[in-house]
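Report on one structure; see the data block that follows.
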Amino acid sequence: MTAVLSLSDVTLLHGDGDETVRALDSVSIEVAEGELVAVVGPSGSGKSSLLAVAGALTTPTSGQVRLGDVDLTTASPRELTRVRRQRIGFVFQSGNLVPALTSLDQVRLPLTFGKVADARDPRELLAEVGMEHKARRRPHELSGGERQRVGIARALVTRPEVLLVDEPTAALDRRRSQEVVGLLAREAHEHGVASIMVTHDHDVLHHCDRVLEMVDGRLGPVVAESV
Ligand SMILES: Nc1ncnc2c1ncn2[C@@H]1O[C@H](COP(=O)(O)OP(=O)(O)O)[C@@H](O)[C@H]1O
Ligand SMILES: [Mg+2]
């Protein structure tokens, strides 16, 4: 297996002095092309911190983060901006859509910040996530599940190698949750995207290729009874 994304012995401290929080404690993980990895764990255990470090939004206190041939812990700010724009897709809990934009314009948005080689067609992508018929709607005219689908399409339009997803089903009912995570799995498998999804939702884990658990900043195999 060739890892697209790898974290080696990553530690992230927040704060200073007596107030220091060890959000990530010697975390190592490799994610391969086309693999959807789920990360479960209690609130405050470091799951969002893991995504922030993996997505070059936060530089870890120590350890190494690699995306392909780039070391994200030593790359220049310019290189990191390029990596975040083109090679990584983010999906957040609420979909994080821009209120004034139509679904189609949300998906086009990542292509407007600079040249993206080999982008996917926004219209085709919207169809692929089942939202073609609501291309002209704005977020307030969409359900939670529909917003998530648009958010996923937006994250994938640059054809990223890595997709990072934080609690995508937090606002969704059971059926929509299954649909959204099923969609993430399909995109990972069919387009070879190395994906990490953080979730509290144990009902969606069957869509994932691997499940890891975060406890107090440490990442490891799942303790059986917690799943
Ligand atoms: N920017 C920050 N400054 C200080 N502490 C933070 C910051 N971000 C997260 N933390 C702390 O780091 C720990 C892990 O947080 P987080 O990664 O958000 O966990 P989770 O996503 O699993 O709920 C928590 O104790 C949290 O309070
Ligand atoms: Mg979180």
Side-chain angles (χ1 to χ4, degrees), residues 5-31 35-67 72-73 77 80-81 83-84 88-97 144-145 147-148 151-152 154-155 160 162-173 176-177 180-181 183-185 188 193-205 207-227:
L5 176 71
S6 70
L7 279 68
S8 314
D9 206 15
V10 166
T11 291
L12 175 67
L13 303 178
H14 283 301
D16 45 34
D18 293 345
E19 301 298 310
T20 303
V21 174
R22 194 171 284 262
L24 297 175
D25 190 1
S26 303
V27 167
S28 296
I29 180 178
E30 294 198 337
V31 187
E35 185 183 32
L36 175 59
V37 178
V39 176
V40 297
S43 186
S45 60
K47 303 183 300 298
S48 294
S49 298
L50 172 72
L51 296 186
V53 166
L57 299 175
T58 304
T59 303
T61 309
S62 62
Q64 200 186 44
V65 183
R66 295 190 73 86
L67 198 182
L72 301 184
T73 54
L80 285 181
T81 301
V83 165
R84 280 191 298 260
I88 301 175
F90 294 93
V91 179
F92 301 99
Q93 179 170 333
S94 57
N96 265 50
L97 302 181
R147 279 184 221 144
Q148 270 312 13
I152 290 166
R154 182 183 57 186
V162 171
L163 187 66
L164 302 171
V165 188
D166 202 353
E167 305 269 7
T169 65
L172 306 184
D173 65 29
R176 304 284 185 268
S177 297
V180 162
V181 179
L183 172 62
L184 289 169
V193 193
S195 307
I196 303 179
M197 174 181 67
V198 160
T199 186
H200 269 104
D201 187 352
H202 287 196
D203 290 340
V204 300
L205 297 180
H207 292 286
C208 304
D209 302 301
R210 222 164 11 124
V211 183
L212 298 171
E213 185 171 33
M214 185 80 93
V215 179
D216 290 340
R218 300 192 68 99
L219 188 63
V222 177
V223 181
E225 59 267 29
S226 69
V227 173

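Indexing begins at 1, ligand by ligand and atom by atom, following the structure's order.
Within 4.0 Å of atom 23 (O) of ligand 1, at least one protein heavy atom is present. When distances from atom 26 (C) of ligand 1 to the protein are checked, no heavy atom turns up under 4.0 Å.
Within the 4.0 Å heavy-atom shell around ligand 1 one does not find G41. Ligand 1 does not have G15 within reach: every non-hydrogen atom of the residue lies 4.0 Å or more from it.
Looking only at distances, no side-chain donor or acceptor of R147 sits under 3.5 Å from a matching main-chain atom of L97. Without hydrogens or angle criteria, D9 side chain to G63 main chain gives no donor-acceptor distance under 3.5 Å.
By the salt bridge (charged side-chain N to carboxylate O under 4.0 Å, His left out) test, R66 is found to be paired with no residue, residues two or more places apart in sequence or in another chain being considered.
The atoms of ligand 1 that sit less than 4.0 Å from any heavy atom of A23 are 12 (O). Close contacts of ligand 1 with V21, meaning ligand atoms under 4.0 Å from a residue heavy atom, involve 11 (C), 12 (O), 13 (C), 25 (O). Ligand-side atoms of ligand 1 in range of S48: 17 (O), 18 (O), 20 (P), 21 (O), range being under 4.0 angstrom from any heavy atom.
With a heavy-atom cut-off of 4.0 Å, P42 touches ligand 1 through its backbone alone.
Nearest protein neighbour of atom 4 (C) of ligand 1, counting heavy atoms only, is H14 CB, 3.3 Å. The protein non-hydrogen atom at the shortest distance from atom 13 (C) of ligand 1 is G44 O, 3.7 Å. Nearest to atom 15 (O) of ligand 1 among the protein's heavy atoms is S49 OG, 3.9 Å. The single protein non-hydrogen atom nearest to atom 19 (O) of ligand 1 is G46 N, 3.1 Å, given as residue, atom name and distance.
Here the NE2-CG distance, from H207 to L36, works out to 9.5 Å after rounding to the nearest 0.5 Å. Atom CG of L13 is separated from atom OG1 of T61 by 4.0 Å, given to the nearest 0.5 angstrom. Rounded to the nearest 0.5 angstrom, L72 CG and L5 CG are separated by 7.5 Å. In this structure, the separation between CG on L172 and OG on S177 is 4.5 Å, given to the nearest 0.5 Å. Between atom CG of residue L50 and atom CG of residue L7 there is a gap of 6.0 Å, rounded to the nearest 0.5 Å.
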Check step by step if side-chain contact (heavy atoms from CB on, under 4.5 Å) holds for H200 and K47. CA-CA 10 Å; H200 269 104; K47 303 183 300 298; 4.2 Å; yes
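Among the atoms of S48, an N, O or S atom falls under 2.8 Å of the Mg ion (ligand 2).
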